[in-house]
Amino acid sequence: MVLGDLGKRITAAVKKMSSNPVFDEEVLNDMLKEIAMALMAADVNVKLVKTLRDNIKNVVDFEEMAAGLNKQRIIQRSVFEELCKLVDPDTEPYKPVKGKPNVIMFVGLQGSGKTTTCTKMAYYYKRKNWKACLVCADTYRAGAFDQLKQNATKAGIPFYGSYTETDPAAIAADGVEKFKAEKFDVIIVDTSGRHKQEESLFEEMLEVAHAVQPDQTVFVMDASIGQACEVQARAFSDKVDVGAVIVTKLDGHAKGGGALSAVAATGSPVIFIGTGEHIDNLEAFDPKPFVKKLLGMGDIDGLINKVNELGLDDNEELFKKMAHGHFTLRDMYEQFVNIQKLGPFGQLMDMIPGMGGGLLGPEGEQESAKRLKRCTTIMDSMHMSELDCDNPIKLFQKQPSRFERIAKGAGVLPAHVNELLQQHDKFGKLVKKMGGMKNLFNDKPQRGNQQPNPKQMADLTKSMANMMDPSILKQMGGMQGVQNMMSQFTTGGGGAGSMAGMGGLEGMMHAAQGGGAPGGRKKAITNKKKK
């Protein structure tokens, strides 16, 4: 999780305050002190921290507030709202419109990750089925076009540039004109950067801006400089019309909180944050969901939207099978593929309440990715009859030679094959329980007596909790945490069926696999077709 340490410290302070049997001004001051120290450790400006502290403190009047009011709950809500204000400039950024050319010009200092971020943004829109392309107007840095060309080729994104033309404005104009004629939706123009705010940089930016008339100018800045981002953002805003900001390298620096709050102080909206080196390590930034994930509250609505955008909920055949309690190894294989489509597994975990905050850590995510690859490789080595068998573990136990054959074909141990079958058997039993629950797989909103039986839902929740690794279950807050998550799944996007359709079940299944769910972006795997 980006800024995971900050989130953990703030969450710990709030929990300590909430669990205190006596809530008075002293307890409140202790909590505010810990939150202030956590924010300043993240390089948030002292003035902003003081304002946040005063605003939270003013919410509760211990002398006049009625005794029956839950002061702790009020303080919790205030902490959340004030953290949102800290990173929210309350300014609406430009939103690209599909079906028309949207020209976006990138500006920034050299070394901020501008060229890489251009490719990430183009790839972000490509995954949403937009026609996105890149134009390299950076003629100052040696190898800039080669870098963009290599990144774009790897991501499968059309690009334009020149090895001979030295005028960046001319290159930008030609590239934009070319892609407009080809009906591209998003045209991203990468411009030259400098090591410091040189006047020549601003002059060149103005020339390029005049040549392409961008719909939006995006300033890319490095999170490692912390609150100094404010000075940079204001300097660029004074020269060119900066419509939005992307903050990069948030995964590797403790000063990210200072960078985000400093940008917000300038009134410029942050639209994306860079969370890693890989091409899909770019997250759309929205203050409230960001703070929710920061505090381990998850972002169920965001997860549902992501699934809806990718069309992963459009799987009627699987719904019908699960409604009748059927779940084969082939179905499991397809769900592994769907999880990969959702993006980096760390981001997916952050969206599930209680499972964010860097629960697995980088090593855990790598281990999960290895486990996923191993599972799909094992299933690739199976016969069609084994993939479609209703009770594969029984079939394998009757004919143990299958373990050896598949292990040799996949290059794994027979124990790994058995581990996969055991996990499928556990989840198959869970699916059978779900199949007996009326309306669980109905995607329409549930009303009145259409809701699944409460006792059945409680049994289902208990079964899910029993499948989970104890450390993950503890992180989520035990059974109560699982119940809260189930409640959010079933009410977040059109009834309990959304939980199944959106892959909530997949997340639970994979969380149970050895203390970490298989995840991470791996090379795309195509579904195996029946012969």
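- Ring orientation note: the planes of Y125 and W130 are tilted relative to one another, at an angle of 30° to 60°.
- Between I75 and F23, the closest side-chain pair of non-hydrogen atoms falls below 4.5 Å.
- Interatomic distance, CZ of F106 versus CG of L134, reported as 9.0 Å (0.5 Å rounding).
- Residues that satisfy the side chain to side chain donor-acceptor pair (under 3.5 Å) test with D88, not counting sequence neighbours, are absent from this structure.
- Residues C84 and P287 approach most closely at O-CB, 4.2 Å, considering heavy atoms.
- For the pair K126 and A155, the tightest heavy-atom approach, listed with the atom from each and the gap, is NZ-O, 2.7 Å.
- In K154, the NZ atom is not crowded: 12 or fewer heavy atoms of neighbouring residues, nucleotides or ligands sit closer than 6.0 Å.
- Here the closest non-hydrogen pair linking A122 and I157 is CB-CD1, 3.6 Å.
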*asked:* Test side-chain contact (heavy atoms from CB on, under 4.5 Å) on V270 and V87; report intermediate values, then the result.
replied: CA-CA 8 Å; V270 177; V87 294; over 6 Å; no
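- Results of the side-chain hydrogen bond (donor to acceptor under 3.5 Å, both in side chains) test with D190 over T115, T119, T117 single out T115 as the only residue that passes.
- The shortest heavy-atom contact between F403 and V417 is CD2-CG1, 3.9 Å.
- Annotation: E182, atom CD; neighbour count of heavy atoms from other residues, nucleotides and ligands within 6.0 Å is above 12.
- The CD atom of Q397 lies 12.5 Å from the CZ atom of R402; values are rounded to the nearest 0.5 Å.
- Contact between V97 and N102 at its shortest, heavy atoms only, is O-ND2, 2.8 Å.
- A donor-acceptor contact shorter than 3.5 Å is absent between the side chain of H416 and the backbone of G411.
- One finds the CE atom of M332 at 6.5 Å from the CE atom of M379 (value rounded to the nearest 0.5 Å).
- Put simply, CD on E404 and CG on L413 are 9.5 Å apart, with the number rounded to the nearest 0.5 Å.
- Under a 4.0 Å N-O distance rule, the pair D388/R330 qualifies as a salt bridge.
- Side-chain atoms of D185 come within 3.5 Å of backbone N or O of K131 as a donor-acceptor pair.
- Contact of the K85 side chain with the E82 side chain is registered, since non-hydrogen atoms from C-beta on lie closer than 4.5 Å.
- Ring planes of F290 and F285: tilted class, angle from 30 to 60°.
- A heavy-atom distance below 4.5 Å is not found between the side chains of I279 and N151.
- In this structure, the side chains of T377 and V412 stay at 4.5 Å or more apart for every pair of heavy atoms.
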*List the steps, then state whether side-chain contact (heavy atoms from CB on, under 4.5 Å) holds for L39 with L83.*
CA-CA 10 Å; L39 290 170; L83 287 172; 4.2 Å; yes
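- Here the rule is side-chain hydrogen bond (donor to acceptor under 3.5 Å, both in side chains) with Y333, and of T328, T376, D380 only D380 fits it.
- Under a 3.5 Å cut-off, the side chain of T248 and the backbone N or O of S112 do form a donor-acceptor pair.
- With contacts defined as side-chain heavy-atom distances shorter than 4.5 Å, the pair K120/Y124 does not qualify.
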*asked:* Between D30 and K16, is the side-chain contact (heavy atoms from CB on, under 4.5 Å) condition met? List the steps.
replied: CA-CA 10 Å; D30 287 343; K16 184 179 178 182; 5.9 Å; no
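- Looking only at side-chain heavy atoms (C-beta outward), V245 and M221 come within less than 4.5 Å of each other.
- For the pair T153 and K149, the minimum side-chain heavy-atom distance is below 4.5 Å.
- A pairwise comparison of heavy atoms in M121 and I271 identifies CE-CD1, 4.1 Å as the closest pair.
- Atoms SG and CD1, from C133 and I188 in turn, are 7.5 Å apart once rounded to the nearest 0.5 Å.
- Between R405 and H383, the closest side-chain pair of non-hydrogen atoms falls below 4.5 Å.
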*Could you walk me through whether V27 and V22 pass the side-chain contact (heavy atoms from CB on, under 4.5 Å) check?*
CA-CA 8 Å; V27 173; V22 178; 5.7 Å; no
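- The distance from the OG1 atom of T116 to the CG atom of L282 is 11.0 Å, given to the nearest 0.5 Å.
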